[in-house]
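Below: one structure, written as structure tokens.
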Amino acid sequence: MNGPISDLPPGLVREAVAPERLVVVWTAGPVAGLLEALGDAGHLPVLLEPAETLDLVDVSGAPSMLMVDPALLDDPTLRLVEEVRRVCPQTRVVVLAGSGADGAGLLRAMRAGLTEVVDPADPGTALELLGPRPRGAEERVLAVGAHPDDIEIGCGATLLRHRRLGHAITVLTLSRGAVGGRTEQRRREAAGAAMALSAELLMGDLPDTRIGDSHDTISLVEAAIAHARPTTLYVHSKHDNHQDHRAVHEATVIAARRVPQLYCYQSPSSRNEFAPTKFVPVGETIEEKVELLAYYRSQAERHYLAPDLVVATARYWARQLPHARYAEPFEVLRASEHEPFPTST
């Protein structure tokens, strides 16, 4: 996708979306209540211009539903509807029309074979059409990292556990990793890894190796938090030799002051002061983590991505748990009694 999609603030671009959660909305009218209801039910509503839709489909796959405002149904838009239906036969296309809907638009929709109508003031109908509430929808996870691959290295196996439980996952990467390779390649690698996680990927474009804990960084993290509304957040530890990692940690702690659960993951550049007190058993997902890291082909020569080292590190941390073979470690900044993985020392 080129450029930001309309429901994200400037500075953030959505690069990947889990298609099973995706609901695309074409409208110029007020639909805040509808979008909030869809989000609360575990779906990911995305406001798009019609012309942006095929680009999103190309990156993320077929959405579960397309909602179309009949006022937008001129001939070019109707042709786009038909193209979406051809490319994504599994996508349910519905008309978004309330009591004041344009009659001519509704007539065009009916002639195009769009017979299901959803009132934006009554989200219940849309939720019924979308089917049962996604499993684990009450748990929403946001993982924040400075560079592509930071998050997967630090908590990839834990995120894969979240995915298995049906939790909504959003990944925020604040730079494109220009110092470590070609940005376009690194962007594509990050998008591939996000899709393997069934996660939404948001990317900023802060300067690699020069990210600060400034207002700009805090604002991007705050925007991602407002968008994802996480119940659990993962971020770099402050005990890290990389200046970007420390800056992202500081900015996130400020931005995440109302997030119920906040954990810090280990990086290859972490200092000896990294002192985890929570250990998530990841025996069922450690091999998937190795596969996840393999998406970062441009970084394959980095010693810390070697599969045997990734597995050995998880084996080392499992010594903290009585019945686990592999684990990922976290410093706990904030936790609640409803934490998703209660196992720890």
Side-chain angles (χ1 to χ4, degrees), residues 5-8 14 16-50 52-53 56-57 60-73 77 81 84-85 87-102 105-106 109-110 112-142 162-170 195 197-200 202 224-232 260 338 340:
I5 293 175
S6 55
D7 64 335
L8 291 175
R14 181 182 288 108
V17 185
E20 63 271 18
R21 294 179 56 213
L22 184 60
V23 176
V24 173
V25 181
W26 297 353
T27 183
V31 289
L34 172 65
L35 301 184
E36 184 175 358
L38 290 169
D40 287 343
H43 303 286
L44 180 61
V46 180
L47 280 172
L48 286 182
E49 294 294 328
E52 298 175 299
T53 303
L56 179 64
V57 168
S60 296
S64 56
M65 181 176 285
L66 169 62
M67 296 181 170
V68 181
D69 186 334
L72 302 179
L73 286 177
T77 305
V81 170
V84 171
R85 296 174 87 179
V87 174
C88 310
Q90 66 272 53
T91 297
R92 197 158 192 166
V93 182
V94 303
V95 179
L96 194 61
S99 57
D102 171 46
L106 283 172
M110 293 178 63
L114 307 179
T115 57
E116 292 182 308
V117 177
V118 170
D119 186 342
D122 180 21
T125 304
L127 295 175
E128 287 178 9
L129 293 174
L130 284 163
R133 179 183 176 89
R135 182 171 56 96
E138 67 283 351
E139 179 70 28
R140 297 180 298 276
V141 179
L142 175 63
H162 281 289
R163 186 196 68 181
R164 287 187 172 208
L165 292 171
H167 299 163
I169 303 170
T170 299
M195 292 302 294
L197 275 170
S198 295
E200 177 187 22
L202 307 179
I225 289 171
H227 170 76
R229 296 178 297 128
T231 54
T232 299
H338 303 297

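Contact of the V24 side chain with the V57 side chain is not registered, since no non-hydrogen atoms from C-beta on lie closer than 4.5 Å. Under the 4.5 Å side-chain criterion, counting only non-hydrogen atoms from C-beta, L38 is in contact with M67.
Between L127 and A37, the shortest heavy-atom contact is CD2-O, 4.4 Å. The minimum heavy-atom distance between M65 and A126, with the atom names listed, is CE-O, 4.2 Å. Pairing each heavy atom of V117 with each of A97, the nearest pair is CG1-O, 3.7 Å. Shown here for L72 and A28, the closest heavy-atom pair between the two residues is CD1-N, 4.4 Å. In terms of heavy-atom proximity, P120 sits nearest to L34 at O-CB, 3.8 Å. Across all their heavy atoms, A112 and R85 have their closest contact at O-NH1, 3.1 Å.
With values rounded to the nearest 0.5 angstrom, L47 atom CG is found 5.0 Å from L35 atom CG. In this structure, the separation between NE2 on H167 and OG1 on T232 is 8.0 Å, given to the nearest 0.5 Å.
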Got a list of side-chain donor-acceptor pairs under 3.5 Å for residues 88-95, not counting sequence neighbours?
unit_1, atom_1, unit_2, atom_2, d
T91, OG1, P63, O, 2.6
R92, NE, E116, OE1, 2.9
R92, NE, E116, OE2, 3.3
R92, NH1, L129, O, 3.3
R92, NH2, E116, OE2, 2.5

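Screening residues 27-39 for salt bridge (charged side-chain N to carboxylate O under 4.0 Å, His left out), with sequence neighbours left out, gives no hits. Here salt bridge (charged side-chain N to carboxylate O under 4.0 Å, His left out) pairs that include residues 22-32, with residues two or more places apart or in two chains, number zero.
T170 pairs by the side chain to side chain donor-acceptor pair (under 3.5 Å) definition with E200, not counting sequence neighbours. Every residue meeting the side chain to side chain contact (heavy atoms under 4.5 Å, CB included) condition with S64, not counting sequence neighbours, appears here in chain and number order: V23, L130. For D40, the salt bridge (Lys or Arg N to Asp or Glu O under 4.0 Å) partners are R229, not counting sequence neighbours. Partners of R140 by salt bridge (Lys or Arg N to Asp or Glu O under 4.0 Å), not counting sequence neighbours: none found. Taking S198 as the reference, A18, E20, R163 meet the side chain to side chain contact (heavy atoms under 4.5 Å, CB included) condition, with sequence neighbours excluded. Applying the side chain to side chain contact (heavy atoms under 4.5 Å, CB included) rule to P50 yields the partners W26, T77, L80; only residues at least two apart in sequence or on another chain are considered. Every residue two or more places apart in sequence or in another chain that forms a side chain to side chain donor-acceptor pair (under 3.5 Å) with T27 is listed here: D69.
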Kindly determine whether T125 and D119 satisfy side chain to side chain contact (heavy atoms under 4.5 Å, CB included), including the steps that lead there.
-> CA-CA 8 Å; T125 304; D119 186 342; over 6 Å; no

Could you give me the CA-CA distance, side-chain angles and deciding distance for E139 and L165, then say whether side chain to side chain contact (heavy atoms under 4.5 Å, CB included) is met?
-> CA-CA 9 Å; E139 179 70 28; L165 292 171; over 6 Å; no

